[in-house]
Amino acid sequence: SLGDIAQISGAIQDIKENHTGDKVFILTTSPYEELFLKCPYIDEVYIDQRLSRLNLFYLLKLKQMISKLRLIKIYDLQNSSRTSFYRQFLFNKIKWSSTETTLPSGTNKSNFDKYPVLERFNFQLINSNIVTKHTLKPSFSWACENIKSEERRVGKEGRSRWSPDH
């Protein structure tokens, strides 16, 4: 949702600032593509159609698309059952940062999820060796322009968009 994107804005900024020489990619759904193409901390946007987990053809195409990126690490800010599935079955060879991989010893996810979301992001990133300056106080100001009136940034400034169907 739009509120989720506003909340992860600070975390994305911190990830980008800690990986200054690296490209930062985001996997999202098509309704948020235009918005993420505007984000100055995202280099490329990839679309997940979120088809059924039983759709093996789609999952294979998604895995191939992501594998071509040669990612070193994935920061899972969604922390959903879907992204957990992706970690276990599609991207299990890539280092992964999520609630599950950074939980404090002796803490279960359902108890951890009771903490405010920004605090959970902050904990996750700190325990993934990210210096956090913006996670607890995200700025969503980069999204304030009228999305429809802005020129599409496909290929512009090194930004692009991709989906398994391309």
Side-chain angles (χ1 to χ4, degrees), residues 1-19 22-53 58 62 65-66 69 71 73-88 90-91 96-104 107-154 156-157 159-164:
S1 74
L2 188 59
D4 291 339
I5 295 170
Q7 289 181 327
I8 66 169
S9 292
I12 293 171
Q13 183 176 356
D14 284 333
I15 290 167
K16 183 64 173 180
E17 289 179 2
N18 280 262
H19 290 279
D22 300 325
K23 283 191 169 187
V24 174
F25 308 107
I26 194 152
L27 182 65
T28 188
T29 54
S30 58
Y32 303 107
E33 175 184 15
E34 292 288 331
L35 184 59
F36 278 121
L37 285 169
K38 292 178 60 165
C39 181
Y41 316 113
I42 301 292
D43 296 296
E44 294 183 21
V45 176
Y46 291 82
I47 303 302
D48 181 357
Q49 296 172 13
R50 293 191 179 175
L51 300 181
S52 167
R53 294 177 200 175
Y58 173 74
L62 180 64
M65 177 183 73
I66 299 300
L69 299 176
L71 301 177
K73 190 166 192 173
I74 292 175
Y75 294 93
D76 179 1
L77 300 175
Q78 185 73 40
N79 289 297
S80 67
S81 61
R82 175 173 288 279
T83 57
S84 180
F85 172 84
Y86 287 174
R87 178 177 64 90
Q88 290 177 314
L90 299 182
F91 312 123
W96 196 278
S97 167
S98 68
T99 296
E100 291 177 337
T101 64
T102 60
L103 272 177
T107 306
N108 66 38
K109 187 176 179 325
S110 60
N111 286 339
F112 188 73
D113 286 347
K114 293 176 184 172
Y115 289 96
V117 68
L118 296 181
E119 289 180 23
R120 295 192 316 257
F121 289 151
N122 198 54
F123 181 87
Q124 176 184 336
L125 294 180
I126 288 171
N127 284 282
S128 298
N129 299 314
I130 295 291
V131 175
T132 60
K133 298 178 185 174
H134 310 285
T135 299
L136 292 175
K137 46 185 180 333
S139 171
F140 196 48
S141 60
W142 55 266
C144 291
E145 295 178 29
N146 183 348
I147 296 168
K148 295 293 182 193
S149 68
E150 185 180 53
E151 175 184 332
R152 248 187 132 108
R153 293 186 175 186
V154 176
K156 188 176 180 180
E157 300 174 15
R159 294 169 192 231
S160 56
R161 60 179 183 74
W162 302 92
S163 76

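Predicted model, so just to flag it, every value in this text is computed and none were measured.
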Counting C-beta onward and ignoring hydrogens, is there a side-chain heavy-atom pair between I8 and F121 closer than 4.5 Å? yes

Kindly say whether the aromatic ring centers of H19 and Y75 come within a distance under 6.0 Å. yes

Hey, does the side chain of Q124 reach the backbone of S97 with a donor-acceptor pair shorter than 3.5 angstrom? yes

Identify, with sequence neighbours excluded, every residue that meets side-chain contact (heavy atoms from CB on, under 4.5 Å) alongside Q78. R50, D76, S80, T83

Smallest heavy-atom separation, A143 atom then L35 atom, equals CB-CD1, 3.5 Å

What closest approach, in Å, do I47 and S30 show between heavy atoms, and which atom pair accounts for it? CG2-N, 3.9 Å

Shortest non-hydrogen contact between A6 and F140, atoms and distance: CA-CD1, 3.7 Å

Rounded to the nearest 0.5 Å, what separates atom CG in D22 from atom NZ in K73? 11.5 Å

Are Y115 and F123 close enough that their ring centres sit under 6.0 Å apart? no

Residues S84 and E100: side-chain donor-acceptor under 3.5 angstrom: yes

So, N79 versus T99: side-chain donor-acceptor pair below 3.5 Å or not? yes

Between CG of N122 and CG of L125, what distance do you get to the nearest 0.5 Å? 7.0 Å

Side chains of I130 and T135: does their closest heavy-atom pair fall under 4.5 Å? no

From T132 atom OG1 to E17 atom CD, the distance as rounded to the nearest 0.5 Å: 11.0 Å

OH of Y58 to CD of Q49: how many Å apart, nearest 0.5 Å? 5.0 Å

Working to the nearest 0.5 Å, report the span between OH of Y41 and OG of S9. 8.5 Å

Return each pair, listed once, that meets salt bridge (charged side-chain N to carboxylate O under 4.0 Å, His left out) where at least one residue sits in residues 6-16; pairs must be two or more places apart or across chains. K16-D43

Begin with the C-alpha distance, continue with both residues' side-chain angles, and end with the deciding distance and a verdict on side chain to side chain contact (heavy atoms under 4.5 Å, CB included) for I5 and F36. CA-CA 9 Å; I5 295 170; F36 278 121; 3.7 Å; yes

Can you check whether I66 reaches F25 side chain to side chain, under 4.5 Å on heavy atoms? no

Classify the angle between the aromatic ring planes of F91 and W96 as parallel (below 30°), tilted (30 to 60°) or perpendicular (above 60°). parallel

Within this structure, what is the SG-CD1 distance for the pair C39 and I26, rounded to the nearest 0.5 Å? 7.5 Å

If you define the side chain from C-beta out and look only at heavy atoms, does anything of L62 sit under 4.5 Å from L90? yes

Shortest non-hydrogen contact from S98 toward R87: OG-NE, 4.4 Å

Walk me through whether M65 and D48 qualify under side chain to side chain contact (heavy atoms under 4.5 Å, CB included). CA-CA 10 Å; M65 177 183 73; D48 181 357; over 6 Å; no

Any I74 side-chain heavy atom under 4.5 Å of Y86 side chain: no

For the residue pair W142 and I12, establish whether any side-chain heavy-atom pair is separated by less than 4.5 Å. no

Exercise: identify the closest heavy-atom pair between N108 and L103: C-CD1, 4.0 Å

Pairs in or reaching into residues 120-142: which pass salt bridge (charged side-chain N to carboxylate O under 4.0 Å, His left out), with residues at least two apart or in two chains? D113-R120

